[in-house]
Amino acid sequence: PFGGDGWVVSVNNMEDLVGGHIWVGLLCIVGGVWHIFTKPFAWARRAFVWSGEAYLSYSLAAISLMGFTASLYSWYNNTAYPSELYGPTGPEASQSQAFTF
């Protein structure tokens, strides 16, 4: 609905799905090592609030973004959430009157 082949939910085979998880996992590990060994840049020190409440709010914002992305996957992607196991995806359910069983 938001684009073609470049959209994150347009993954249509298990190799890309597993490869994407490996890629994101490696990026998270490299990013963690980066953040352990470096100080924040000057613009980031000025732009963000550095308190426990701010860290919590930044983390909750990131979790909500990932939750939204996961909900898009479960609504539109039939590879990550097969209809045989989880029920029809959103587009399948909207066309359920047209199905012939």
Side-chain angles (χ1 to χ4, degrees):
F2 298 119
D5 295 331
W7 195 40
V8 69
V9 182
S10 66
V11 173
N12 60 3
N13 59 47
M14 287 303 284
E15 291 84 10
D16 288 345
L17 190 67
V18 172
H21 278 88
I22 293 170
W23 178 246
V24 169
L26 289 174
L27 284 177
C28 286
I29 291 170
V30 169
V33 170
W34 165 265
H35 284 287
I36 288 171
F37 290 114
T38 61
K39 284 176 50 177
F41 297 124
W43 66 266
R45 286 195 299 266
R46 289 188 307 268
F48 292 107
V49 177
W50 301 93
S51 68
E53 292 88 4
Y55 288 150
L56 179 62
S57 67
Y58 301 150
S59 299
L60 289 175
I63 290 171
S64 68
L65 178 65
M66 293 303 108
F68 181 67
T69 305
S71 69
L72 285 174
Y73 262 102
S74 65
W75 187 255
Y76 291 110
N77 194 297
N78 202 20
T79 303
Y81 297 93
S83 300
E84 295 80 15
L85 300 176
Y86 297 104
T89 60
E92 289 174 345
S94 68
Q95 298 297 320
S96 63
Q97 299 297 324
F99 289 160
T100 54
F101 296 99

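Under the 4.5 Å side-chain heavy-atom criterion for grouping Ile, Leu, Val, Met, Phe, Trp and Tyr, Leu27 is not connected to Ile36 through any hydrophobic cluster.
For Ala62, there are no side-chain contact (heavy atoms from CB on, under 4.5 Å) partners two or more places apart in sequence or in a different chain.
When side chains are defined from C-beta on, Val49 counts as touching Tyr58, because their heavy atoms get closer than 4.5 Å. For the pair Pro40/Trp50, a side-chain contact is recorded, criterion being any heavy-atom separation below 4.5 Å from C-beta on.
Of all heavy-atom pairs between Ser57 and Ala54, the closest is OG-O, 2.8 Å.
Put simply, CD1 on Ile22 and CG on Leu17 are 10.5 Å apart, with the number rounded to the nearest 0.5 Å.
Using cut-offs of 30° and 60° for the angle between ring planes, the Phe41 and Trp34 rings count as tilted.
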